[in-house]
Amino acid sequence: MGRSPCCEKAHTNKGAWTKEEDEKLISYIKAHGEGCWRSLPKAAGLLRCGKSCRLRWINYLRPDLKRGNFTAEEDELIIKLHSLLGNKWSLIAGRLPGRTDNEIKNYWNTHIKRKLLSRGLDPQTHRPIDVPGRDPFPSTPKQQDTSMADQDATTMKMAQAARVSSDGGYLDLDLNLDLTISLPYHSSLQLPS
DNA sequence: AAAATTGACAACCGCGATTCT
DNA sequence: TAGAATCGCGGTTGTCAATTT
């Protein structure tokens, strides 16, 4: 059977948003608030599908967005949260006010992945890359050893700090890093063991 | 100076989860 | 309670600017 499309594709615009479209979306949401995304485009006079409107608003037009470069503190927080949560970008974004999941995901793929690789760490597992006979940092072997050790120690510390609370089916992760996150419990969420 | 490559990021797509009827 | 409708997430793609060859 299959799922019906989220919108009538023949009558919707695609690609980059124009200034006029942005203004229509902003003024509609200012007047009516975020609501039913499916009916919003028609009500706002936009030839876009609801999904596209939602994405544009959340990732670009929302007034509380921070934008601009990520700080070193944000970098480290993202790395730490990713080591615990994996690619749960929306959860990670929830801990970084003014940042969106899409922004963090893009930043991860373009900057942080490389940063971890340069530390000799696998960006997915956050564990040292151990390829026999291959030195990932031929020029700075000493620095590699130190940062790998530091990172491993941090990961272990966080794993030990993670605890499961039984009330309400929520996980409270006390990272012992001036940071506590609460998230709905999913059986698929794997904590470091 | 032109072509090719790389980097950055906005936007799209498919699908699982949730809500509604 | 089942199926449809909608939402939200994560992976992927497209596009443009900067850099390299």
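A, B, ... follow the sequence lines: proteins, then strands. Residue 1 opens every chain. This is a predicted model, so every value here is computed, not measured.
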* Any donor-acceptor N or O pair under 3.5 Å, side chains A/Tyr107, A/Asp75 -> yes
* Just how far, in rounded Å, is P of C/dG11 from CH2 of A/Trp108? -> 12 Å
* Asked: Looking only at side-chain N and O atoms, does A/Arg48 come under 4.0 Å of OP1 or OP2 in B/dA11?
  -> no
* Return each pair, listed once, that meets salt bridge (charged side-chain N to carboxylate O under 4.0 Å, His left out) where at least one residue sits in residues 23-34 of chain A; pairs must be two or more places apart or across chains. => A/Lys19-A/Glu23
* To do: Rounded to the nearest angstrom, tell me the gap between atom CG in A/Asp101 and atom C1' in C/dG8.
  => 9 Å
* To do: Would you indicate, yes or no, if C/dG8 has its OP1 or OP2 atom less than 4.0 angstrom from a side-chain nitrogen or oxygen of A/Trp37?
  => yes
* **Partner residues of A/Arg54 under the side-chain contact (heavy atoms from CB on, under 4.5 Å) criterion, sequence neighbours left out** => A/Trp37, A/Ile58
* Asked: Taking only residues two or more places apart in sequence or in another chain, which ones pass ring-ring contact (aromatic ring centres under 6.0 Å, His included) with A/Trp17?
  -> none
* Please report, rounded to the nearest Å, how far the P atom of B/dA11 is from the CH2 atom of A/Trp57. => 14 Å
Could you go through nucleotides 5-10 of chain B and list every protein N or O atom that sits under 3.5 Å from one of its N or O atoms, giving the distance for each pair?
from: B/dA8; atom 1: OP1; to: A/His111; atom 2: NE2; distance (Å): 3.4
from: B/dA8; atom 1: OP2; to: A/Thr110; atom 2: O; distance (Å): 3.3
from: B/dA8; atom 1: OP2; to: A/Arg114; atom 2: NH2; distance (Å): 2.6
from: B/dA10; atom 1: OP1; to: A/Arg67; atom 2: NH2; distance (Å): 2.9
from: B/dA10; atom 1: N7; to: A/Asn106; atom 2: ND2; distance (Å): 2.9
from: B/dA10; atom 1: N6; to: A/Asn106; atom 2: OD1; distance (Å): 3.3

* Asked: Quick one: CD1 on A/Ile78 to CD1 on A/Ile92, what's the gap to the nearest 0.5 Å?
  -> 7.5 Å
* Asked: Between atom CG in A/Leu55 and atom C1' in C/dG8, what is the gap in whole Å?
  -> 10 Å
* List in chain and number order the residues that pass side-chain contact (heavy atoms from CB on, under 4.5 Å) with A/Asn106, two or more places apart in sequence or in another chain; answer none if no residue qualifies. => A/Asn102
* Asked: Should A/Arg38 be listed as having a side-chain N or O under 4.0 Å from OP1 or OP2 of C/dC7?
  -> no
* Asked: In whole Å, what is the span from the CG atom of A/Asn109 to the C1' atom of C/dG14?
  -> 15 Å
* To do: Mind calculating the distance between NZ (A/Lys14) and C1' (C/dT12) to the nearest angstrom?
  => 13 Å
* Phosphate OP1/OP2 of C/dG11 contacted by A/Trp89 side-chain N/O (<4.0 Å) -> yes
* Quick one: salt bridge (charged side-chain N to carboxylate O under 4.0 Å, His left out) pairs with a partner in residues 103-114 of chain A, sequence neighbours left out? -> A/Arg99-A/Glu103
Return all side-chain donor-acceptor pairs below 3.5 angstrom for residues 62-70 of chain A, not counting sequence neighbours, or 'none' if the list is empty.
from: A/Arg62; atom 1: NE; to: A/Asp64; atom 2: OD1; distance (Å): 3.0
from: A/Lys66; atom 1: NZ; to: A/Glu74; atom 2: OE2; distance (Å): 3.0

* **Residues A/Glu20, A/Arg48: salt bridge by 4.0 Å N-O rule** => no
* Indicate whether OP1 or OP2 belonging to C/dC9 is found under 4.0 Å from a side-chain N or O atom of A/Ser90. => yes
* Asked: A/Glu34 CD to C/dC7 P: how many Å, rounded?
  -> 11 Å
* Asked: Got a sec, which residues hit side-chain contact (heavy atoms from CB on, under 4.5 Å) with A/Ser39, two or more places apart in sequence or on another chain?
  -> A/Cys36
Between the protein and nucleotides 15-17 of chain C, are there any N/O to N/O pairs under 3.5 Å, and if so, what are the atom names and distances?
none

* Could you tell me the separation between the CG atom of A/Leu40 and the C1' atom of C/dC7, rounded to a whole number of Å? => 13 Å
* Distance-only donor-acceptor test (3.5 Å): side chain A/Lys105, base C/dG11 -> yes
* Between A/Asn87 and C/dG11, is there a side-chain N or O to OP1/OP2 distance below 4.0 Å? -> yes
